Each structure stands twice: as C-alpha cells, then as structure tokens.
Amino acid sequence: MGEAVPDVSLLAPGEPVDLDNCAREPIHVPGSVQPHGVLLAVSEPDFTVEHVSQNVVDLLGVQVEDALGARLERVLGTEAADMVRAHVRTFGNLRQRNPIVVPARTPRGRVELDAVLHRVAVADRTLLVVELEESTGPRPFSFPNTYQAVRDAMERLSASGSLTELYDVAAQEVRTLTGFDRVMIYRFDAEYNGEVVAEARRPDLNSFLGLHYPASDIPPQARALYEQSWIRLIADVGYTPSRIVPGLDPGSGQPLDLTHSVLRSVSPIHLEYLGNMGVAASMSISLLRDGRLWGLIACHHYSGPHHPPFGVRAAAEFLGSSLSLRLVARAEEDELQAALAAEATLVQLLIASRDADRTLAEALVGRSGSDVSLRTLVPAHGVVVLGDGQRQAEGEVPEDLGALTTWLAEQATDVTARTALADQEPDLAATLPGVAGLLAVRLPEDRVIVWFRHEAVRDVSWGGDPQNKAIARREGDSVRLSPRKSFEKWTQTVRGQCTPWTPQELRSAEDLRRRLLETLLLRTRWALTSAETVQRSLLPATLPEVDGWQVHARYVPAPGGRVGGDWYDALTLPDGRLAVVVGDVAGHGLPAAAAMGQLRNALRAFLLRGDSPAQALRWTDVVARQTMATDMATVVVAAVDRATGDVELAIAGHPRPLLLDAVGGAGLVETRVDRPLGVGSGEPPTHHLRIEPGGGLVLYSDGLVDSRSTNLRAGLARLVRAFQREDPTRPVHIDHVLRECTDPSSVDDVTLLLLCRDLD
C-alpha cells in the first residue's frame, strides 16, 4: 500500500476544536479511546504491541512502557494470545466474526473479555487492532445466537403494515433489547435535517416525537463515519479519554485510524452536546439505503452510564440492518407504485398529444371529460401550456406570463424547479403573484409546460432553536464556542415555500418532456406531409404552352423537407396576355402553405377578371389585411404580350426579376418595389419593359439568393452570372441554375420561373 495522504481540509492533530471548525474535526483519528475498554495495535505475524491505550494498566495491570514492544502474550497471557492467533489464522474477514471471548490475566485474576478484532492500514503495512471490553451484567448473547435474540423482533417488523408501524416496532424492540431509557428513529431529509419519526421511552420522560434537528448537529464527516461504522456506543458521556501511546505511528507519522474501532473516542463537541441534553450514555445504529445514510436509531440513557455488552450491541446492529432492508423494500415498493401510477397517466397524456386535429396545448389541457390531466401527473394548483400561438390553462394560473417565458428561455436546463420563488428568484416572483413554487418543462419552438404551487404554510417543531447554535463560555483564560444548551421545543412557522416537488414528480416531468419530443417529431412529420401535399396541390399541374414562348418552373422545399410558402403560377389572361407569378408567404409548414393557397387563389381571381398586375396586387393586399391579419407575402406579377414581348410588371416586396437579352447578357430590372402584401401601401407602381426575341425574364424567391452563408448582394451576383452566356444561341437550363445557385446552408425553400422568348 502507498502512504496515506492526509486530508488538508481536516484540522491538524492537537488543533483546538470549536463550533467554527468542528465540521473539519478529524473524528476518525481522535488519538484516544473510551476507558471502558483497552486498545492494542499489534504487528503481524510476530504480534508485537506497537500502540496501546493508557488505561491498559487499569484492566490488565501492565504498564504502558512494559506493553509497548512486548509480545501479545506478555500483555494478555499465553492462552488469550494463542486464541487470538488461531482466530486470525482461521478467518479472513475478522469484523464479521467478532467478538471472541478470551480469558485474560488481570490484577483481579482470570477474567473473560470480549476481544473485538479488525485490521487497519498504516503506511505500507497493516496492524491488527485488538479491543478488549470486560462484559458487565448477565450475558445471554453471543455471536451464534444473535438471530435468536431478534427473531421475534424480525417477525414483528415483517408484519408491519405501514412505515409508521415499522418505525414504532423498531424503536420498541431496540429499547427492549438494549435497556436504554429512550430509543428514537431519526430520519434525515434531503439536506440532512433530522426528524424524530418514532420513539420508545421511559414513561416519565417528555416526548421528542416529531421534533426536528438541524443538519449542523451531525457534521458531514460524522455522517460519513456513520456510513462506514454502523454502530457507536458512548457508555459514559462524562468519561475521561484514554490516550493512545504513541499518538503517531513512527513509520508513517500519522495517527492510528480508528474508523472501525468500537472504543473510538468521541468529539468533545458532541459530548458537550449530549451533556447539555442531559444524556449520560448514548448509542447509535446507522440506517442505510444504497450505502448512504438514511437515518439513525438513536439511543439515550439519562440515569447514569450504560454499557450493553458487545453481543447485545451486535444484535441491535443486526436489527438495524434488517430495519434498513425493510425500509428500503417499503420505500422501493411505494416508489414503484407511484411510478406505475405516473406511467399510466403519462401514457394517457401521450395518446392525447398525438391527436393531429388539435394543437399540443389543446391536446394536453383542453380535454373535457378526461379523468387524467397534467395535474394528475404532477399535482399543482395550476398548469399552463404555451406554444403554437396558444395558451391553454387549467386551475389557478397567473395572467401575465411574459417575464416567466423570458426567464425560462435563459435557464441552462430544460426542466426547472423552484420551491421558494420569492427567495430564489425575487424578480420573477414579483411578476407571478400568489406563486410560491413552479416546475417548468421547456420544449422546442418556444413551447413550455409550467405547473404552479401556492405557499404551503407549515409549523416545524425543533428540538431547541436551530439558530442558537453556540453560546460563549469561559474556560480558564480562553473563550470558545460551545454547543447550544437549549433543547426545549421551539416552533418555527415556515412561509414563502410550496410543497416540495418530489423526486417522482421531477422524474415524471423529465419523462413527459422526453416522450413529447417524440410526439413533436411525429407532429412535425405530419405537418410537413400535409403542408407538402397542400403546396404541391396548389402549384400548376402543367404550364401553358404558348407559340414562340417557353415557360419552365421549379419548386424545391427547404433542407429537411421544411415546406414553406413559396409558389409559382402561369396563366392566360382574358386579353390574351400570359401572366407569370412567383410569391413567398412568410413562415414554414402547414400555416404558410394554407396562407399561400388563399393568396394564390385570390390573386388568380383578380387577374382573371381583367385587373392589371398592380390592381390585382392591390386587391390581394386588401384580402390579406382583412382576412389574414397575421400573414404577409411578397409577390411579383408580370403580364406579357405574346406578340410584341411587352411586359407590364408590378412587385410587392419581392426580389426584382432578371431580364435576359438576346446576346447573352443578364441584369436586374431597375424598378421600384412596393411593400409586401398584408402591409402594402395601396396600388403598387407599374413598370414596363420588353423581352427581345432570344431573351427572357427570370422570377425567383429569396431562398435562391439569400442564406446564412451568402448575403443578398452576393447571391444576386451569382444568379446573374448563372444566366450570362457567351454563346447566345446556347440555352440556359433551369436545373443547372438551381444547382449552381442554391446554397446548401439555406433554410428556406426555393422557387425559380424562367420565361423565354424564341429567337425565331
């Protein structure tokens, strides 16, 4: 083994301990033991004593200086030493075989002692630690019959129908077994504040049931020790520690690690704490769940020192481990039932969320007659779903949620919970009157689900004022802090907090979000399919065939199949002219495709009744303003005289067309562009131009020339170059232009229409 590295956060040996630094006290290396037993640390295989507690002379009649460096038989006697040697050779895990009973030679003659053995690492070697206790009182217990001692208690634990009954049975059985005046079941919350959930006590003692104790009463390093050493006895709170000699190991320079010692001395701060409570003797048994400290069985004695024999303590420890298993099993059973109920509710909500005829908000909240809801999944005073331009609420929900949605967008995680909003987020709390806590789930495209809870006013009864953690006390010429002395019932009214969100509720929110992502993906696919179906159905099935002219058009959805509001059209007008159109409704998906269909049909109707391009755009703008308040579109319309090539052009917010000449040149049409449909200024201006034989007109949407990686000016220049020809007799193919000009990084759909006049 390598040399142990000291924890720099712990106090140095000999450094004074007070309440300012007790959380750093190295309680696993106290350098002393309780005097009701003797500690020997011996080397193997020669069993030479390297460390001994000072009280060895009291129990065994051997001076410290005579014990150090001597063989174990010199200190214990040959018979006892041989029994220890044989036990060590026979069994690997010594801690599971404790204690062994050895006859020791003492000043009072032959005395049977309980010898408790374990090994401890010291630098690159190990020492065998032998702890000796003289058993007191009747001794009906031994390791082989430990189970017999607690069999009846185990049967009562197994028959317990509730957690409360389980706690009560455990407290009663441990008190019967150990004889302590008071036995409490002490449960920790998430912050390690403790609550007495059951007790068995002497009739004349006042009750501690229901009292709370702050986490600072048991510092973190003490909790860590409870997780490694499951039982700890203080037979006499007023004891004088017996120092271990030598205090530091000569080889490593480190104190002896007493983590697993049954005699380990206790922090003076803790002894003072117990003394202030009037406790004369104490014992604790750890209750663990998944290796972590869940609670304690705390035993107090008031009438004087109390020393249950090791066998009794072993039986009590066995009972505590059995209680731990029962608590874990019961907790897991309750959690399983809660999880199954949540899963059933979740399934119903997910089925509802896939109703394609309703928005997600309507599907999750607006479900009349249903026996499950978002508040069944996570109980709350109110819940709201925002998204798709809608707000669907159930229960009590604040009116103004603007600040909340902004705050949620800034959070680092997609599931956010608060239980004391006024303290945790005071600015947000000011905008949400009556809300003490919230649980929010963030979904794509600014959708959110938020549960709200009101303040849950509650009284918490503490064993003394938890704020009064220290009292100045003079000790000689020094002043230090000592533990609080008041343990009278002190009631605190807790305000400003909601009922905490349970781990199961948080898991339910996480599961809901994860599964709704799948639903949203399906909804997106449905919407894209529907939008593309609408889009394709509204595009002309065929383009007009006109002598002396050719019309070519292409529509390409955005990458990922995101259908937008682009369209093209070509139709013969009542006066014989040919009209060509390209338009672009703002947005994507089914709403954009539906708006496109309305505007396309309205524009067609106005053109077919004989309106000029400018007039048709004017009236289509009126339709958009009065019936489609949230929609906006850009459009270019050109009416072409097939005989002369004269063009009447009007543009509402759309990119200017490209005019192709007969000798291979191309350039943007110089004309004024009016505002888009939906915000137009009235009748847009009309521009006249002429397409020469061998020339053409190019209409397109902005997705072809503007993208994340290409600005508009560069995109237009690229389009012009694509249509410029050195050989004017060689036609430009529309698909070649699409390949050359479409940017792979574009997130918009693309439309391109090419109207060409034959050279002959």
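Since we're looking at a predicted model, the values are computed, not measured.
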Can you find a pair of side-chain heavy atoms, one from [X] and one from [Y], that are under 4.5 Å apart?
X: Val415; Y: Leu439; answer: yes
X: Leu752; Y: Leu754; answer: no
X: Arg739; Y: His733; answer: no
X: Glu394; Y: Leu374; answer: no
X: Glu505; Y: Pro500; answer: no

Next item on the list: State whether a side-chain donor-acceptor pair under 3.5 Å links Gln504 with Arg507.
Entry: yes
Margin query: When you compare the side chains of Asp584 and Ser701, does any donor N or O come within less than 3.5 Å of an acceptor on the partner?
Written below: no
Next item on the list: Provide the full list of ring pair (Phe, Tyr, Trp, His ring centres under 6.0 Å) pairs with a residue in residues 378-409, sequence neighbours left out, each pair given once.
Entry: His381-His454
Notebook entry, point to check: Got a sec, which pairs hit ring pair (Phe, Tyr, Trp, His ring centres under 6.0 Å) with one end in residues 699-729, sequence neighbours left out?
Noted result: none
Checking [X] side chain against [Y] main chain: does a donor-acceptor pair fall under 3.5 Å?
X: Arg513; Y: Leu443; answer: no
X: Arg672; Y: His687; answer: no
X: Arg604; Y: Leu571; answer: no
X: Gln626; Y: Val622; answer: no
X: Arg642; Y: Gly576; answer: yes
X: Arg656; Y: Val669; answer: yes
X: Arg725; Y: Val732; answer: no
X: Asp702; Y: Asp706; answer: no
X: Arg447; Y: Pro444; answer: yes

Next item on the list: Of all the heavy-atom pairs spanning Arg453 and Pro379, show the shortest one and how long it is.
Entry: NH2-O, 2.8 Å
Spatial distance of atom [atom1] ([X]) from atom [atom2] ([Y]) [nearest 0.5 Å]:
X: Thr405; Y: Leu386; atom1: OG1; atom2: CG; answer: 7.0 Å
X: Leu404; Y: Glu425; atom1: CG; atom2: CD; answer: 10.5 Å
X: Asp621; Y: Leu677; atom1: CG; atom2: CG; answer: 5.5 Å
X: Thr644; Y: Arg690; atom1: OG1; atom2: CZ; answer: 6.5 Å
X: Leu516; Y: Asp511; atom1: CG; atom2: CG; answer: 10.5 Å
X: Asp566; Y: Met596; atom1: CG; atom2: CE; answer: 8.5 Å

Note to self: Are there over 12 heavy-atom neighbours, none belonging to Asp446, within less than 6.0 Å of that residue's CG?
What the structure shows: no
Under 3.5 Å donor-acceptor pairs involving side-chain atoms of residues 428-437, not counting sequence neighbours:
unit_1 : atom_1 : unit_2 : atom_2 : d
Thr431 : OG1    : Leu428 : O      : 2.7

